[in-house]
Enquirer: 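Here it is: the structure, laid out below.
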Amino acid sequence: MKFTFTCKKITLNNSVKEYAEKKISKLSRYFPEDVEAFVTFAVEKKNRCVVELTMRSAGGTLFRAQEESAEGDMRSAIDAAVAIIERKIRRNKTRLAKNLRPDAVNLTDLPEEDDFEEDEVELVRTKRFSVKPMTTEEAILQMDLLGHTFYVFRSVDSGEVDVVYRRKNGGYGLIETE
């Protein structure tokens with residue numbers, strides 16, 4: 001497993017990074033090939049420790065979790081993020097095996113869980129709209145005017161379809177397609 005650590009507004013000692021490697025490495029049993037783990041550590045207002053964990057398998061499947069610990073303990077946030085990703089794998093094991101890449105996740109290692117029932121995906125609404133060329137700033141303004149949490153637009157700069165979205169921490173994000 002390959003690890004990439006990023007620290008925002010904090011300097012961590014090696015013991016926290018080693019703890020994260022140890023906990024996250026346990027998830028490698030679900031993947032037949034090498035996995036990349038991107039871990040971001042941050043401290044926000046009122047001493048809240050935030051851990052953002054993104055795992056990318058060789059097949060391209062992404063798993064992401066973000067957790068925070070109010071008591072200022074980075075280790076508990078790491079534990080919670082790892083538990084969320086493991087729960088996502090377990091909850092979606094049938095869907096991952098059928099619809100995504102069957103070789104991306106080793107689902108035979110998962111015990112049968114009575115807690116998780118297979119959720120049927122129900123499409124309740126379909127919308128069609130034209131994707132207009134605009135700048136990122138115009139797309140954010142349009143998104144705010146509509147009161148949505150995301151907005152799809154065609155970038156004036158690249159000509160590609162992009163998405164702007166409102167992040168949980170109050171900022172904005174941009175997804176650029178290739």
Enquirer: Transitively linked via ILVMFWY side-chain contacts under 4.5 Å: L12 with F38?
Expert: no
Enquirer: Could you tell me whether E52 and R64 have a side-chain N and a carboxylate O separated by less than 4.0 Å?
Expert: yes
Enquirer: If you look at every heavy atom in M143 and Y172, which pair is closest and at what distance?
Expert: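 Minimum heavy-atom contact is CE-CE2, 3.3 Å.
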Enquirer: If you measure from OG1 on T135 to CD on Q142, what distance do you get to the nearest 0.5 Å?
Expert: 11.0 Å
Enquirer: With the threshold set at 4.0 Å, does a side-chain nitrogen-carboxylate oxygen contact exist between E86 and R29?
Expert: yes
Enquirer: Would you indicate whether the side-chain heavy atoms of V35 and R56 approach each other to under 4.5 Å?
Expert: no
Enquirer: Without swapping roles, check the side chain of D162 against the backbone of T177 for a donor-acceptor pair under 3.5 Å.
Expert: yes
Enquirer: Test side-chain hydrogen bond (donor to acceptor under 3.5 Å, both in side chains) on D79 and Y19 and set out the steps.
Expert: CA-CA 10 Å; D79 291 341; Y19 181 82; 2.7 Å; yes
Enquirer: Can you name the nearest heavy-atom pair linking K17 to C7, along with the distance?
Expert: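 Closest approach of K17 to C7, heavy atoms only: CE-SG, 4.4 Å.
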Enquirer: Do D34 and K2 pass the side chain to side chain contact (heavy atoms under 4.5 Å, CB included) test, and can you show the C-alpha distance, the side-chain angles, and the key distance before you say yes or no?
Expert: CA-CA 7 Å; D34 218 14; K2 299 174 188 172; 3.4 Å; yes
Enquirer: At what distance, to the nearest 0.5 angstrom, does CD1 of I85 lie from NZ of K23?
Expert: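 These two atoms lie 14.0 Å from each other.
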Enquirer: Could you check whether any side-chain heavy atom of I24 comes within less than 4.5 Å of a side-chain heavy atom of M1, counting everything from C-beta outward?
Expert: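 In contact.
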Enquirer: Return the NZ to CD distance between K9 and E44, rounded to the nearest 0.5 Å.
Expert: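 Spacing of NZ (K9) from CD (E44) equals 7.0 Å.
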Enquirer: Taking S155's backbone N and O only, do any of them form a donor-acceptor pair with S158's side chain (distance below 3.5 Å, no angle check)?
Expert: no
Enquirer: What are the two closest non-hydrogen atoms of P133 and V156, and how far apart are they?
Expert: C-CG2, 3.8 Å
Enquirer: Please walk me through it: do R75 and S15 pass side-chain hydrogen bond (donor to acceptor under 3.5 Å, both in side chains)?
Expert: CA-CA 10 Å; R75 287 177 171 83; S15 68; 3.2 Å; yes
Enquirer: For a quick test of reading the model, state the closest non-hydrogen atom pair linking A80 to E67 and the distance between them.
Expert: CB-CG, 3.5 Å
Enquirer: Are V39 and V16 grouped together when hydrophobic residues (ILVMFWY) are joined by side-chain heavy atoms under 4.5 angstrom apart?
Expert: yes
Enquirer: Nearest heavy-atom pair of F5 and A20: which atoms, and what distance?
Expert: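 Distance-wise, the nearest heavy atoms are CE2-CB, 4.1 Å.
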Enquirer: Measuring from atom CE of M74 to atom OG of S69, what distance do you get when rounded to the nearest 0.5 angstrom?
Expert: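 Reported to 0.5 Å precision, the distance equals 8.5 Å.
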Enquirer: Heavy atoms, side chains only, cut-off 4.5 Å: are T6 and F41 in contact?
Expert: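 Sidechains of F41 and T6: no contact.
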Enquirer: How long is the straight-line distance from SG of C49 back to CD of E68, given to the nearest 0.5 Å?
Expert: 9.5 Å
Enquirer: Is F3 reachable from V50 through a run of hydrophobic residues whose side-chain heavy atoms are each under 4.5 Å from the next?
Expert: no
Enquirer: Under the side chain to side chain contact (heavy atoms under 4.5 Å, CB included) criterion, do F153 and V164 qualify, and how do the steps go?
Expert: CA-CA 8 Å; F153 68 102; V164 291; 3.6 Å; yes
Enquirer: Should V43 and L53 be regarded as members of a common hydrophobic cluster, given that ILVMFWY residues are connected when their side-chain heavy atoms come within less than 4.5 Å of each other, either directly or indirectly?
Expert: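 Yes, same cluster.
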Enquirer: Hey, what do you get for CZ (R48) to CG (N169), rounding to the nearest 0.5 Å?
Expert: 9.0 Å
Enquirer: Should F150 and V161 be counted in the same cluster of Ile, Leu, Val, Met, Phe, Trp and Tyr side chains packed under 4.5 Å apart?
Expert: yes
Enquirer: Just by distance, do the side chain of S25 and the backbone of K22 share a donor-acceptor pair under 3.5 Å?
Expert: no
